[in-house]
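Structure, as structure tokens:
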There are 2 protein chains.
Amino acid sequence: MDQNKIPQATAKRLPLYYRFLNNLQLQGKTRVSSKELSEAVKVDSATIRRDFSYFGALGKKGYGYNVEYLLGFFRKTLDQDELTEVALIGVGNLGTAFLNYNFTKNNNTKIMMAFDADEKKVGTEIGGIPIYHIEELEDKLGNVKVAILTIPAAEAERITDRLVAKGIKGILNFTPARITVPDDVRVHHIDLAIELQSLVYFLKHYPLESDKQ
Amino acid sequence: MDQNKIPQATAKRLPLYYRFLNNLQLQGKTRVSSKELSEAVKVDSATIRRDFSYFGALGKKGYGYNVEYLLGFFRKTLDQDELTEVALIGVGNLGTAFLNYNFTKNNNTKIMMAFDADEKKVGTEIGGIPIYHIEELEDKLGNVKVAILTIPAAEAERITDRLVAKGIKGILNFTPARITVPDDVRVHHIDLAIELQSLVYFLKHYPLESDKQ
DNA sequence: TAGAAGTCGTGATTATTTTCACAAATCCAC
DNA sequence: GTGGATTTGTGAAAATAATCACGACTTCTA
């Protein structure tokens with residue numbers, strides 16, 4: 001709750017900045033200007049400076065930003081030192097992609113367990129993460145507060161209700177279903193079909209330059 | 001180019017509206033109010049009315065919207081009758097998820113071909129879509145103008161350059177890399193790791209209600 | 001040490017998007 | 001028909017976000 005004065009648009013860009021700063025440090029760079037960063041992350045440099053300024057004066061005029069300092073600062077801001085445990089529901093192709101993705105490497109999140117209805121998958125592991133039967137959801141979930149939903153749309157609402165009943169507070173919903181949750185649960189929708197359709201619509205109806213999201 | 005007076009935020013919601021209207025029709029509903037639709041798609045009803053109003057007066061006061069009429073209208077607006085061909089680059093788990101997803105069912109897009117560097121995959125099909133070797137890109141791409149990028153980040157820029165050279169105008173980029181393209185190429189980034197991190201950040205720092213994206 | 005070049009932080013402006021709130025039109029029950 | 005209940009479409013206001021543009025300060029070069 002500490003910095004809810006920070007605009008949402010800014011907050012969404014923080015993980016992006018963090019990752020690129022990390023890259024810069026790995027490359028051995030010690031300083032970076034908003035202009036350089038702008039070219040790397042494709043965000044206007046004034047926007048970057050404004051974003052950073054919500055956290056105070058992090059840079060130096062005529063010099064830019066010290067990579068290590070900035071990185072340390074964002075590490076704290078993004079709670080990079082505190083691991084958030086995540087459960088994945090639905091081990092299809094999309095779910096498997098998540099399990100194989102080593103989030104923990106650059107992230108403060110770790111998928112601790114996965115659930116699926118397919119008996120053939122239950123009991124196995126992918127990327128070191130155990131797969132339980134979906135009926136074990138309530139037993140195994142423990143204190144996990146974040147879930148990734150990669151199941152068929154038809155089951156989305158039913159599973160969501162169970163997740164919410166068990167105390168889940170954040171859901172990354174990859175199903176096309178628009179799920180209903182109480183006010184204190186946050187849902188982010190990522191709808192792959194819509195992203196594709198929307199891209200096609202923009203291509204056909206919008207001028208051919210700038211504003212690439 | 002016809003309706004570029006339509007706000008981008010509205011344009012992004014159109015495919016969502018379309019899909020839910022389609023569902024309503026399948027359920028046999030003939031009319032719908034902005035309030036009902038609002039509950040289904042989780043978008044404020046005033047926003048829905050405003051969105052629709054950019055296309056003229058589509059509804060009737062005291063009645064709502066005629067589902068069939070609205071659907072027909074959006075079908076034309078979203079060019080649902082005109083198929084957009086898409087190429088998928090990178091047949092890993094995420095790529096496979098796309099190939100198995102039958103976009104064409106409710107969409108105006110169809111993945112026509114896929115590319116991968118893995119000889120074991122080349123020559124096979126997934127979901128009826130042929131997989132070619134990535135070195136055949138220039139030969140096989142033909143007139144396809146949209147690509148989905150589901151490859152490792154390290155290869156993103158190199159492949160992007162080849163796609164652009166071959167005339168691709170829209171890229172749905174699932175790699176963490178921020179690719180560089182000419183002004184007339186549109187890129188939409190979907191960064192799974194960032195989506196997860198961003199959700200976690202919002203959970204920790206933002207008040208517990210409303211504004212679920 | 002002096003001057004030129006670089007870069008931040010931010011006030012002000014502009015652009016975009018959402019929301020309020022209500023007149024006007026329509027529907028529907030009786 | 002009549003009158004109360006609905007629901008749109010939209011002007012106006014509010015909220016949010018992006019961008020401009022420049023003073024202030026730092027760094028760098030010689």
Side-chain angles (χ1 to χ4, degrees), chain A residues 3-14 16-17 21 24 29-70 73-74 198 202 205-207 209-213, chain B residues 3-14 16-17 21 24 29-67 69-70 73-74 189 198 202 205-207 209-213:
Chain A
Q3 347 237 21
N4 63 22
K5 60 278 242 154
I6 290 161
Q8 298 215 3
T10 296
K12 281 193 194 163
R13 285 186 291 263
L14 296 184
L16 183 63
Y17 296 146
L21 288 171
L24 287 179
K29 294 205 61 163
T30 57
R31 59 181 276 194
V32 66
S33 69
S34 60
K35 188 151 166 289
E36 284 174 278
L37 202 49
S38 167
E39 276 151 30
V41 301
K42 317 287 180 194
V43 171
D44 185 86
S45 68
T47 300
I48 292 179
R49 291 199 301 282
R50 174 78 63 196
D51 282 349
F52 288 3
S53 78
Y54 291 116
F55 299 99
L58 303 176
K60 253 192 211 159
K61 304 187 177 187
Y63 173 89
Y65 301 91
N66 178 288
V67 173
E68 193 172 334
Y69 176 74
L70 207 50
F73 185 84
F74 277 120
S198 158
F202 276 82
H205 296 80
Y206 280 71
E209 55 197 325
S210 62
D211 56 38
K212 287 152 222 144
Q213 131 125 220
Chain B
Q3 347 236 22
N4 64 22
K5 61 279 240 146
I6 291 161
Q8 298 215 3
T10 296
K12 282 195 195 160
R13 285 186 290 264
L14 296 183
L16 182 64
Y17 295 146
L21 288 170
L24 287 179
K29 294 206 62 163
T30 58
R31 59 181 276 193
V32 65
S33 68
S34 60
K35 187 150 166 291
E36 284 173 278
L37 201 50
S38 167
E39 276 152 29
V41 300
K42 317 286 182 194
V43 171
D44 184 85
S45 68
T47 301
I48 292 179
R49 291 200 300 282
R50 174 78 62 194
D51 282 348
F52 287 4
S53 78
Y54 292 114
F55 299 98
L58 303 176
K60 252 192 209 157
K61 305 188 177 188
Y63 174 88
Y65 301 89
N66 178 288
V67 172
Y69 177 74
L70 207 50
F73 185 85
F74 278 120
H189 296 279
S198 158
F202 276 80
H205 298 273
Y206 281 71
E209 55 196 325
S210 62
D211 58 38
K212 284 154 222 142
Q213 131 123 229

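Just so it is clear: chains get the letters A, B, ... in the order the sequence lines come, proteins before strands, and each one is counted from 1. Hydrogens, waters and symmetry mates play no part in the numbers below; they use all other heavy atoms, side chains included. Small disclaimer: the values here were computed from a predicted structure and weren't measured.
- Aromatic ring pairs are classed by plane angle as parallel below 30°, tilted from 30° to 60° and perpendicular above 60°; the pair B:Tyr17 and B:Phe52 is perpendicular.
- By the salt bridge (Lys or Arg N to Asp or Glu O under 4.0 Å) test, B:Lys35 pairs with no residue at all, sequence neighbours left out.
- Shown here are the salt bridge (Lys or Arg N to Asp or Glu O under 4.0 Å) partners of B:Arg49, two or more places apart in sequence or in another chain: there are none.
- Within a 6.0 Å sphere centred on NZ of B:Lys42, other residues, nucleotides and ligands contribute more than 12 heavy atoms.
- Chain A approaches DNA chain C within less than 4.0 angstrom (heavy atoms of the protein), and the contacting nucleotides run 5' to 3' from C:dG6 to C:dA12.
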Practice task
Can you check each nucleotide of nucleotides 8-16 of chain D against protein heavy atoms at under 4.0 Å and return B for base, S for sugar-phosphate only, - for none, in 5' to 3' order?
Solution key: BBBBB----
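- Taking atom CZ of A:Arg31 as the reference point, atom P of D:dT26 lies 14 Å away to the nearest angstrom.
- Legend: residues meeting side chain to side chain donor-acceptor pair (under 3.5 Å) with B:Thr10, ordered by chain and number and at least two apart, are B:Asp51.
- A distance of 6.5 Å separates CZ of A:Phe74 from CG of A:Leu58, quoted to the nearest 0.5 Å.
- Remark: side-chain polar atoms of B:Arg31 are not paired, donor with acceptor, to backbone N or O of B:Gly64 under 3.5 angstrom.
- Take B:Lys29 and apply the salt bridge (Lys or Arg N to Asp or Glu O under 4.0 Å) test, not counting sequence neighbours, and it matches B:Glu36.
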